[in-house]
Amino acid sequence: MTTAPAGASLDAPALRRRVADFVARNDPQTTDQRDFLAARFDAGLAWVHFPEGEGGLGAPRALQPVVDREFERLGFTPEGREGLVIGLGMAAPTLLAFGTPEQRARYLKPLYTGEEIWCQLFSEPGAGSDLAALGTRAVRDGDAWTVDGQKVWTSLAHRADFAILVARTDPDVPKHKGITYFVCDMAAEGVDVRALRQITGEAEFNEVYLNGVRVPDSQRLGGEGEGWRVAQTTLMNERVSIGGHPEPREGGLIGAVARIWRERPEARTPGLHDALLRLWVEAEAARLTKERLRQQLAVGQPGPEGSAAKFSFSRLNQEISGLELEMLGGEGLTYDDWTFRRPEGVEFAKRSAGFHYLRSKGNSIEGGTSEILRNIIAERVLGLPPEPRVDKDVAWKDLPK
């Protein structure tokens with residue numbers, strides 16, 4: 001006879017009552033936000049599908065939106081969480097899937113409250129689209145690893161306390177098999193963070209040099225050489241976090257273009273009308289598809305469908321921002337602010353058409369290039385024959401560099 005999970009008996013009304021009782025004891029209007037979030041974590045109302053004692057109640061994942069909506073209805077909408085996207089969206093689900101009890105106890109709560117910020121040390125100058133070709137080395141030295149290499153396109157590295165890191169621990173096996181996954185302390189000796197200025201004039205990203213960085217083996221996630229399997233959990237969640245945000249109808253860039261059409265009749269032409277209608281329909285179809293994806297996530301882990309959502313998001317952003325420039329004519333060629341700064345997130349709503357156009361170019365690179373996502377969709381969603389891979393069984397050390 002099997003025993004039902006502790007949270008299996010919870011339903012939506014029961015969770016709403018829990019949230020109401022919690023808010024009655026912790027007034028969101030008078031309680032410091034970090035203290036409020038810490039108490040919410042302890043009450044199991046952070047991620048209700050996580051285990052008890054780790055921010056959850058062991059409840060079905062489908063009930064998380066119920067909790068979030070109830071907190072919002074009762075007056076709690078957290079602010080300033082843009083810098084936590086990697087911790088919340090990528091590190092947390094990976095820790096849940098592969099972390100030891102000690103690791104989850106150490107990292108999950110400060111990650112959730114925002115006390116500690118995370119970044120992602122995955123891409124390298126020679127291993128972006130083909131992440132498995134990464135060359136950053138981690139060499140075992142007693143109960144620790146010595147890490148040397150370079151990472152790139154690292155959001156929030158200049159502010160992060162910890163990083164999720166993949167490094168090569170065995171160069172004598174094929175590239176996917178010799179990778180191990182770690183948690184890296186960004187304050188460790190040998191971590192050197194340098195800003196990368198983008199075409200927009202801003203520096204959202206960094207390059208990170210790792211020179212003899214010591215990483216304790218206790219900060220390894222998953223088994224030695226199993227880093228590629230662990231990283232898949234991170235990457236699937238990353239693509240959902242980039243391309244799967246809920247939006248209202250005419251949310252995002254398509255809303256900005258629709259407003260231009262309505263407010264500026266002088267900009268209208270039959271050609272622009274056709275382009276706008278096509279993109280409006282595609283944006284609405286993408287929005288509804290993302291809603292279905294979120295419903296699928298409620299009963300399981302992200303699958304390859306998240307890659308389709310991210311691919312669609314990238315393509316549409318680029319096409320819509322191009323249409324916005326065309327509709328505005330000469331005005332669209334002006335640029336609002338080229339000041340060097342380091343934003344914590346991408347804010348499209350308050351920026352100019354020129355910023356939209358330039359920044360959207362990065363959408364097809366970050367979080368998985370569109371070329372790689374096409375392969376994932378073809379092979380894992382549509383079931384098409386895989387692309388030939390001549391390096392599949394070749395040791396990493398023997399591959400052309």
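- Closest approach of Trp47 and Leu108 over heavy atoms only: CH2-O, 4.1 Å.
- Here Lys151 does not pair with Glu207 in a salt bridge; the nearest charged N to carboxylate O distance is not below 4.0 Å.
- Here the closest non-hydrogen pair linking Ala163 and Met186 is CB-SD, 3.7 Å.
- Side-chain contact of Thr94 with Thr234: a donor-acceptor pair under 3.5 Å is present, judged by distance alone.
- Using a cutoff of 4.0 Å between basic side-chain nitrogens and carboxylate oxygens, Lys177 and Glu226 are not scored as salt-bridged.
- Residues Ser360 and Ser321 bring a donor and an acceptor atom of their side chains to less than 3.5 Å of each other.
- A salt bridge is absent between Asp11 and Arg18; no separation between the charged side-chain nitrogens and carboxylate oxygens falls under 4.0 Å.
- The side-chain heavy atoms of Pro60 and His49, taken from C-beta on, include no pair separated by under 4.5 Å.
- Salt bridge Glu54/Arg106: absent, no basic N to carboxylate O contact under 4.0 Å.
- A salt bridge links Asp192 with Arg194: the distance from a Lys NZ or Arg NE/NH1/NH2 to an Asp or Glu carboxylate oxygen falls below 4.0 Å.
- Under a cut-off of 6.0 angstrom, the local environment of CZ in Phe162 is crowded, with over 12 non-hydrogen atoms contributed by other residues, nucleotides or ligands.
- Using a cutoff of 4.0 Å between basic side-chain nitrogens and carboxylate oxygens, Arg359 and Glu366 are scored as salt-bridged.
- A donor-acceptor contact closer than 3.5 angstrom links the side chains of Glu124 and Thr136.
- Salt bridge Lys175/Asp130: present, at least one basic N to carboxylate O contact under 4.0 Å.
- Between Ser364 and the choices Glu371, Gln318, Arg315, Lys310, the side chain to side chain donor-acceptor pair (under 3.5 Å) rule is met once, by Gln318.
- One finds no salt bridge joining Glu70 and Arg40 here, because no Lys/Arg side-chain nitrogen approaches an Asp/Glu carboxylate oxygen to under 4.0 Å.
- A salt bridge does not link Asp185 with Arg214: none of the charged nitrogens is closer than 4.0 Å to a carboxylate oxygen.
- Salt bridge absent: Glu282 and Arg287 never bring a charged side-chain N and a carboxylate O closer than 4.0 Å.
- Taking the centre and axis of the six-membered ring of Tyr107, the NZ or CZ atom of Lys109 falls outside the cone set by 45° and 6.0 Å.
- Donor-acceptor pairing under 3.5 Å is recorded for the side chains of Gln198 and Glu204.
- Between Glu224 and Arg220, none of the side-chain N atoms (NZ, or NE/NH1/NH2) sits under 4.0 Å from a carboxylate O, so this pair counts as no salt bridge.
- Side-chain atoms of Trp118 and Asp161 include no donor-acceptor pair closer than 3.5 Å.
- Leu15 and Leu57 make their closest contact through CD2-CD1, 3.7 Å (heavy atoms, listed as atom of the first residue, atom of the second, distance).
- Between the side chains of Thr180 and Thr169, a donor-acceptor pair is found at a separation under 3.5 Å.
- Nearest heavy-atom pair, Arg262 versus Arg268, reported as atom, atom and distance to 0.1 Å: O-NH2, 3.3 Å.
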